[in-house]
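Okay, structure first, notes after.
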There are 2 protein chains.
Amino acid sequence: MSLFSKKKSISVQTIRRLPQYLRVLYDWHGYGRELASSTELAQETQIPPIVIKKDLQAIGAPSKMRAGFKIKGTISAIENFLGWDNLNKAFLVGAGHLGAALLGFSGFKNHGLEIVAAFDTHPERVGNEIHGVHVYHTAQLKSIIEDKKLKIAVLTVPGPAAQGITDTLVACGIKAIWNFAPVKLAVPKGVVVQQEDIASGLAELCACLKTK
Amino acid sequence: MSLFSKKKSISVQTIRRLPQYLRVLYDWHGYGRELASSTELAQETQIPPIVIKKDLQAIGAPSKMRAGFKIKGTISAIENFLGWDNLNKAFLVGAGHLGAALLGFSGFKNHGLEIVAAFDTHPERVGNEIHGVHVYHTAQLKSIIEDKKLKIAVLTVPGPAAQGITDTLVACGIKAIWNFAPVKLAVPKGVVVQQEDIASGLAELCACLKTK
DNA sequence: GAGATGTAGATATTTTTATATCCATATAAT
DNA sequence: ATTATATGGATATAAAAATATCTACATCTC
């Protein structure tokens, strides 16, 4: 029995469902509710109750046998599991339309992310503030990453620029990249890349339309 | 042996991978290449060659036994499967930051989507053009949907407004909704909703960071 | 207090998806 | 021509995920 026995390898799908639970639980918590059951969560999220039960079980959310799950405790369990209970300092590279949209999304504070800087190469963007976040020139990446101790990069540059920026980020010691460019990034082992591909969702929608 | 035997029920994951193949194939096609193998695609996309082989097999992409897959034919097969070989007229509701970013994304033309109208309620947005697309008031939804024979809705409104707009869209006969609001939409059977949840990807990234 | 009810917990089963293995064959090198 | 090689095709295996089933128990109703 090792210290690593805790690692039950929670499935990716489970992880992707957690934010959905969180949203509903936040809502209910705001109304002063204290307990919620899998079946109630199922009604709200349209996810089968058995799946919810297993997901919450997997991350060790505290529950009461008959009464369901404690809302406050479940929120804490999810936040803790995702590391959303304390803020990671992040920055954004590529302050174009999408970048600006992300900078304007206030919800990240609830998601463990605090975007404290933005970078771009366009002269008309550099030096401005977008939604309260200063835009630096990309040339300053290294110094500011070190200075502000930034950990997570949000990449919203055009596809052709993505790999070049990534190489710079890796050289700066960044270990986590949230990539919105439609490019598969090559990174050394130990660097986590989360690919956000808008086309995948559209493909799903279109395929569903065609077969229907 | 029915006529429906063709329906091999292609997996969602396969569908979500198709756009990745497409991007690489477009690129190679642009260079005048004619043949590509699973292993080559695997190198470029970092997807295991066996998966690629099965995916392309599943949608019936034409191939040559030894030489690999015909790039042109594979592109056609994917485009045809996804219905991306002819444009669907779409519109966008919610011309905020994210909406504007999507309107500025020219790539949709390659993805079977042509956004020909936008809607919003803010007086300062209504009447403007964003990236060449006119912004109408949401009150005009019904008439313009019918007038322009629009089929697909892209929903980029704030969460609280999403369900209300959805009800209107359903009443207008819209059958496909691409939803970027972090809300699970309730729709009648027969209406396809594709949920785009940015928090899921972030959760994946954070969980990956924590367990590493 | 007794029983009905709905819940989490644990386990088992099924389904889906990914991965591996072997084979026939077209191509390229010799 | 001959051989080596890399590929798609087909099948089999493994892994992952979803779903079902059963049990024990806390709460509620009467």
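The basis for the numbers below is simple: all heavy atoms, side chains too, and nothing from hydrogens, waters or symmetry mates. It should be emphasised that the depicted structure is a prediction, and the values quoted were computed from it without experimental measurement. First the proteins, then the strands, lettered A, B, ... as listed; each starts at 1.
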Evaluate the ring planes of A:Phe105 and A:Phe108, with Trp represented by its six-membered ring, and classify them as parallel (under 30°), tilted (30 to 60°) or perpendicular (over 60°). perpendicular

Between CG on residue A:Leu205 and CG on residue B:Asn88, distance to nearest 0.5 Å: 9.0 Å

Do B:Asn110 and B:Tyr26 have side-chain N/O donor and acceptor atoms under 3.5 Å apart? no

Look at A:Glu204 together with B:Arg16 and state whether they make a salt bridge at an N to O cut-off of under 4.0 Å. yes

So, the side chain of A:Gln20 versus the backbone of A:Arg17: is there a donor-acceptor pair under 3.5 Å, distance only? no

To the nearest 0.5 Å, atom CG of A:Asn80 lies from atom CG of A:Asn86 at 8.5 Å

To the nearest angstrom, the CZ-P distance between B:Phe69 and D:dA6 comes to 18 Å

Looking only at atom types and distance, does a side-chain atom of B:Trp84 sit under 3.5 Å from a main-chain N or O of B:His111, one as donor and one as acceptor? yes

Mind listing the residues from residues 26-46 of chain A sitting with a heavy atom below 4.0 Å of DNA chain C? Number order is fine. A:Ser37, A:Ser38, A:Thr39

Expressed as a whole number of angstroms, how long is the span from B:Gln57:CD to C:dT19:C1'? 14 Å

Separation of D:dT7 atom C1' from B:Lys70 atom NZ, nearest Å, is 15 Å

Base, sugar-phosphate alone, or nothing: which one does A:Lys64 contact when heavy atoms must sit under 4.0 Å apart? sugar-phosphate

If you check the B:Lys53 side chain, which of D:dG8, C:dG9, C:dT19 turns out closest? D:dG8

Within a reach of under 6.0 Å around CD of A:Glu34, are more than 12 heavy atoms found that belong to other residues, nucleotides or ligands? no

What is the separation between atom NZ on A:Lys54 and atom C1' on C:dT14, rounded to the nearest whole Å? 12 Å

Using heavy atoms to find the nearest nucleotide of DNA chain D for B:Ile50 and A:Ser11 separately, return the residue whose nucleotide is more 5′. B:Ile50

For B:Ile52 and D:dG9, give me the distance from atom CD1 to atom P, rounded to whole Å. 14 Å

Could you list by number each residue of residues 13-22 of chain B showing a heavy-atom separation from DNA chain C of less than 4.0 Å, or answer none if no residue does? B:Gln13, B:Arg17

In whole angstrom, give the distance that lies between atom CG of A:Leu56 and atom C1' of C:dA10. 16 Å

Rounded to the nearest angstrom, tell me the gap between atom CD1 in B:Ile59 and atom P in D:dG9. 12 Å

Tell me whether A:Lys210 at atom NZ has more than 12 heavy atoms from other residues, nucleotides or ligands lying less than 6.0 Å away. yes

